[in-house]
2 protein chains.
Amino acid sequence: MKQGIKQQSILLFEKKGFSETSIQDIVEALGVTKGTFYYYFTSKEQLLMDIHLGYIDDLLERQQKIQQSQLSNRKKLEELVALLITDIANHGPSGKVFFREMRHLCEENAVEVKAKREKFRKNLERIISDGIAEHEFRQGLEPEMIAFAILGVTNWSYQWFNPTGGISADRLAGIYSDLILNGIV
Amino acid sequence: MKQGIKQQSILLFEKKGFSETSIQDIVEALGVTKGTFYYYFTSKEQLLMDIHLGYIDDLLERQQKIQQSQLSNRKKLEELVALLITDIANHGPSGKVFFREMRHLCEENAVEVKAKREKFRKNLERIISDGIAEHEFRQGLEPEMIAFAILGVTNWSYQWFNPTGGISADRLAGIYSDLILNGIV
DNA sequence: AATTTCATACTAACTAGTTAGTATGTTCAG
DNA sequence: CTGAACATACTAACTAGTTAGTATGAAATT
């Protein structure tokens with residue numbers, strides 16, 4: 001039942017937003033009562049934290065596998081872009097909640113999640129700066145700004161990309177990797 | 001007073017979110033009462049719509065000026081990126097509200113705003129496809145996907161870019177234009 | 001085998017507080 | 001003296017969270 005509440009909440013939070021979804025809404029969708037909710041979660045915010053950690057911890061773990069591989073920095077970057085894009089197909093609603101509802105976490109939890117987000121970003125930045133040092137990428141780039149740009153491209157996809165639509169996740173990842181590596185000129 | 005309410009609302013919506021900001025909060029920050037608010041606005045949602053239109057209409061207008069110029073497509077693209085990035089410095093709070101709180105618009109208003117957002121995106125797409133046709137950009141690109149990518153890079157900046165921080169809006173715009181045009185390899 | 005004990009997984013009813021919106025009244029400039 | 005620009009006081013609906021209690025089944029004891 002705990003997983004059921006969590007899954008249902010993700011769907012409702014995605015559709016209506018965190019504040020606009022009452023605990024009543026969640027439990028009614030499952031045919032249980034509020035007591036059930038508070039049997040498994042101590043607060044609405046703890047549930048949100050649970051969703052956040054489930055998302056970012058999984059991403060960090062998969063990022064680490066790429067980082068520890070023996071691939072070139074260029075290939076690592078491509079893999080990372082593919083990881084982020086294909087994740088939309090697999091955990092789209094989770095991701096949307098993650099990107100939109102962080103402000104509803106309490107200070108303490110927000111700090112923890114922010115730290116993990118930054119860790120992910122710094123790991124990406126590392127691939128860029130390593131790639132520059134090893135002459136896989138151009139000299140003179142600003143790794144931090146490039147990392148932000150890449151995250152912008154991929155994370156923004158959550159706003160519009162529909163994996164069941166005209167283009168597949170793999171193909172989109174390819175297009176994005178090509179753009180980041182080669183530009184449009 | 002109407003403008004004052006709007007400006008104050010933007011600041012509060014940015015900091016706390018739309019649902020978390022009560023009309024009481026808004027009027028108290030201005031030292032007036034709820035009667036004043038409902039004299040100028042018929043509902044909280046209408047105020048949000050007002051903020052949305054103020055933002056997107058301004059952007060569309062400035063985009064049109066770029067589009068109607070005699071610049072090359074490459075230069076138009078650079079100007080557009082600069083427009084979006086420098087806008088953060090000038091209308092940051094407005095933009096954040098625009099990107100985050102659209103789901104609180106009623107169906108009818110959401111459709112109107114969405115149409116204008118798409119118009120902006122289609123205009124950008126047009127620059128890309130014109131540039132390809134005129135051999136300023138590479139052949140074989142997917143203009144729609146490139147447009148989404150560019151919007152991702154620029155719009156994501158709202159999440160992290162602090163214009164008073166270590167890097168200026170102009171410089172960031174330059175870095176982004178360079179990345180989009182030339183890639184990192 | 002029968003019975004007591006105890007934990008799990010809930011429910012129904014409640015509290016205490018907040019919210020958007022409204023109805024009506026007041027002030028004051030032209 | 002009229003209407004624009006407010007203020008006051010209110011309501012109906014909704015909210016997160018609490019509490020006391022219960023059905024069920026499994027384990028322990030007799």
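No experiment lies behind these values; they were computed from the predicted model shown.
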Worksheet item: Base, sugar-phosphate alone, or nothing: which one does A:S22 contact when heavy atoms must sit under 4.0 Å apart?
Response: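 Sugar-phosphate: the residue A:S22, judged by heavy atoms under 4.0 Å, touches backbone atoms but no base.
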Worksheet item: A:S19 near the nucleic acid: base, sugar-phosphate alone, or nothing, with a heavy-atom cut-off under 4.0 Å?
Response: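 Nothing: the residue A:S19, judged by heavy atoms under 4.0 Å, touches no strand.
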Between [X] ([atom1]) and [N] ([atom2]), how many Å, whole number?
| X | N | atom1 | atom2 | result |
| --- | --- | --- | --- | --- |
| B:L30 | D:dC6 | CG | P | 11 Å |
| A:I5 | D:dG17 | CD1 | P | 14 Å |
| A:F41 | D:dT18 | CZ | C1' | 18 Å |
| B:Y40 | C:dA20 | OH | P | 20 Å |
| B:Q46 | C:dA20 | CD | P | 15 Å |
| B:E20 | C:dA20 | CD | P | 10 Å |

Discussion item. Any non-hydrogen side-chain atom of B:F98 less than 4.5 Å from a side-chain atom of B:V113?
Written reply: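 Contact flag for B:F98/B:V113 side chains = yes.
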Worksheet entry | Nucleic acid footprint by protein, nucleotides 21-30 of chain C - heavy-atom cut-off 4.0 Å, B for base, S for sugar-phosphate alone | BB--------
Worksheet entry | Candidates C:dA20, D:dA7, D:dA5 - which lies nearest the side chain of B:T36 |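 The listed nucleotide nearest to B:T36's side chain is D:dA7.
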Worksheet entry | Stacked cation flag A:K96 on A:Y55, 6.0 angstrom / 45 deg |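 Ring-cation test returns no.
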Practice prompt. Compute the centroid of each ring, for A:W160 and then for B:F148, and state whether the two points are separated by less than 6.0 Å.
Written response: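 Yes: the rings meet the under 6.0 Å criterion.
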Fill in: Within one Ile-Leu-Val-Met-Phe-Trp-Tyr cluster: B:L181 and B:L71, side-chain cutoff 4.5 Å
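In one cluster: no.
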Discussion item. Using the side chain to side chain donor-acceptor pair (under 3.5 Å) definition, which of the options A:H104, A:K44, A:R103 pairs with A:S19?
Written reply: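 With A:S19 as partner, A:H104, A:K44, A:R103 yield a single side chain to side chain donor-acceptor pair (under 3.5 Å), made by A:H104.
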Discussion item. Any side-chain N or O of A:Y39 below 4.0 angstrom from OP1/OP2 of C:dA9?
Written reply: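 So the side chain of A:Y39 is within the cut-off, an N or O lying under 4.0 Å from OP1 or OP2 of C:dA9.
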Worksheet item: Any idea how B:F13 and B:F18 line up, ring-wise: parallel (<30°), tilted (30 to 60°), or perpendicular (>60°)?
Response: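 Aromatic pair B:F13/B:F18 classed perpendicular.
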